[in-house]
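Below, read A as the first sequence line, B as the second, and so on, with proteins coming before strands; counting in each chain starts at 1.
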Amino acid sequence: MIAKFDYHVPATLKEACEMKQEYGSSGVIVAGGSDVYAKLHDGNHRYDHVIDIKKIPEMKGIEWSEQEGLSLGAAVTHHEIERHPVITERYQVLVQGVRTVGSLQVRNRGTIGGNICTAAPSADGVGPLLVLNSECVIHGIGGERIVPLAEFFTGPKRTVLRSDEVLVRVRMKNPASRYGGAYFKYGRRNAMEIALLNISVYLEVDDDNKTCTEMRIALGTSAPTPIRVHKTEQYFIGKDLTDNEAVAKGGDLVIEEASPRSSWRANSNFRLTLLRQLVPRTVKTAYKSLIEE
Amino acid sequence: MYKKEISLTINNESYVREVAVNRTLLEFLREDLGLTGAKEGCNEGECGACTVLVDGKPVNSCLMLAVEADGSTILTIEGLADGDKLHPLQQAFIDEGAVQCGFCTPGMIMTGKAIIDEYGNPSEQEIRKLMEGNLCRCTGYTRVIKTVKKTADSMVENSDKK
Ligand SMILES: Cc1cc2nc3c(=O)[nH]c(=O)nc-3n(C[C@H](O)[C@H](O)[C@H](O)COP(=O)(O)OP(=O)(O)OC[C@H]3O[C@@H](n4cnc5c(N)ncnc54)[C@H](O)[C@@H]3O)c2cc1C
Ligand code: FES
Ligand code: FES
């Protein structure tokens, strides 16, 4: 049984921010509840106040346009994303990521905002959003601010959100009309697995179909927060992506930028070994997806 | 508020009830309404034994509050048969021997039904992926997946004939 709490359903952003501020650490924001309620069931956690933000209009819905790109309400579920016609067509790397979250049941409740705000280094929705250069729309009592997703995380389970702030939307420009994207989740089994490591790649090539003009790589569970590896990305610019040796060298560079920790799931050296092998492989998969289009 | 009045439709019947806000949908169904088809396996979203359909979507009822279901339409295994006539998927689970102890079966069938409703006739591989949130400790998965696939095939065939 979940310990007794008081349940609040703010109808507006303003109310939600005021409640979050007022209840402080005795309160918790809930969207899909797949993290929060699972945690409350274990008996070691309790809150006096649950603030359910799902009913707030700004938190809902998927908006897309050719000019503005994509905007996801924080309370949009993983399943809404994986079934959305424009997202499945133009944002395949995001679909590849969110499809691996938990199970269909979890994806029907779990939200993209919850995935981000939990700030787990393993979050499957976050890497794809990082390589799509997403930004977060944050609302507080004083108003709105925009923070790039790459600056949102400050540590494991820690974010830039202040005591009165909630995430409202995450948005991104349309990717190039031709790009290669790939998401790779490494786990010990196929089903219901938290990633031991994950890699997201977004790349573009020149008219010759092989010279890299844009490379974005995000890693999960490879540092205290999900990260982009800018030096490795830079290395790829101008490289021939059909040159296996050049691509493999990206794997040697990436481990300089990663700082995975040892946990009961895997030790740090094993994660580095994986990264060296799997980053080049994921780059190749992304490249193949572009060429075979 | 610690208690709240909710109104919802469960298996085609309307209910108006006052519930404690910390009650999960699973506890509400099993303990308050006596609908014990959905099972509690893990209480943390891993096993899928508690799967019910909320507005047609399969969810883990252990990870949802009863108050969150206010205003929605819920289908549990108890409401799947049409009078005495079992749903094709229920019948197929019996015919194909996709049941042993039966603990996972209500969840398996509810997820299977939702998948057929949403995806029409998914491939075996798709079914495998979509049912990854339903664990079974005895029958294994081969028969379950095959049974869902077979039922989807025959339901599509029957609707083509109509
Ligand atoms: C069985 C199971 C399997 C899982 N498997 C995976 C997996 O494979 N990959 C993966 O990435 N995750 C997994 N998860 C974790 C979880 O389902 C996801 O992270 C999900 O996206 C969380 O979303 P939610 O809406 O349910 O979050 P909630 O539980 O509602 O909230 C999560 C956290 O974010 C905060 N929060 C939520 N929304 C906001 C907001 N708008 N503004 C500010 N704070 C907010 C909450 O306060 C809380 O701290 C799994 C969970 C379960 C139970
Ligand atoms: S009891 Fe709900 S998923 Fe196991
Ligand atoms: S039949 Fe026993 S758990 Fe599946």
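- Side-chain N/O atoms of B/E132 and A/S103 include no donor and acceptor closer than 3.5 Å.
- Taken from CG in A/D35 to CD in B/E44, the straight-line distance is 12.0 Å, to the nearest 0.5 Å.
- For residues 65-85 of chain B, a heavy-atom distance under 4.5 Å to chain A picks out B/L65, B/V67, B/E68, given by residue number.
- Between the CE atom in B/M131 and the CD atom in A/Q105 there is a gap of 8.5 Å [rounded to 0.5 Å].
- Within residues 78-86 of chain A, the residues having any heavy atom under 4.5 Å from a heavy atom of chain B are, by residue number, A/H79, A/R83.
- Between the side chain of A/H41 and the backbone N or O of B/C62 there is at least one donor-acceptor pair closer than 3.5 Å.
- A donor-acceptor pair under 3.5 Å is absent between the side-chain atoms of B/K4 and the main chain of A/Y7, judged by distance alone.
- Around the NZ atom of A/K60, the shell of radius 6.0 Å holds more than 12 heavy atoms that belong to other residues, nucleotides or ligands.
- Within 6.0 Å of CD on A/E89 lie no more than 12 heavy atoms contributed by other residues, nucleotides or ligands.
- For residues 19-26 of chain B, a heavy-atom distance under 4.5 Å to chain A picks out B/V21, B/N22, B/T24, given by residue number.
- In this structure, the separation between CE on A/M1 and CD on B/E27 is 6.5 Å, given to the nearest 0.5 Å.
- Listed in order of number, the residues of residues 102-122 of chain B that approach chain A to under 4.5 Å between heavy atoms are B/T111, B/I115, B/E118, B/Y119.
- Looking at A/R107, the atoms closer than 4.5 Å to chain B (heavy atoms on both sides) all sit in the side chain, from C-beta outward.
- Between chain A and the residues B/V54, B/T51, B/N43, B/L130, the largest count of heavy-atom pairs under 4.5 Å involves B/N43.
- For A/D42, no part sits under 4.5 Å from any heavy atom of chain B, backbone or side chain.
- Contacts between A/K39 and chain B at a heavy-atom distance below 4.5 Å are absent for every atom of the residue.
- For A/R46, the CZ atom counts as densely surrounded, since its 6.0 Å shell holds more than 12 non-hydrogen atoms of other residues, nucleotides or ligands.
- Remark: side-chain polar atoms of A/N108 are paired, donor with acceptor, to backbone N or O of B/P58 under 3.5 angstrom.
- A cation-pi contact, defined as under 6.0 Å to the ring centre and within 45° of the axis, links A/K4 to B/Y2.
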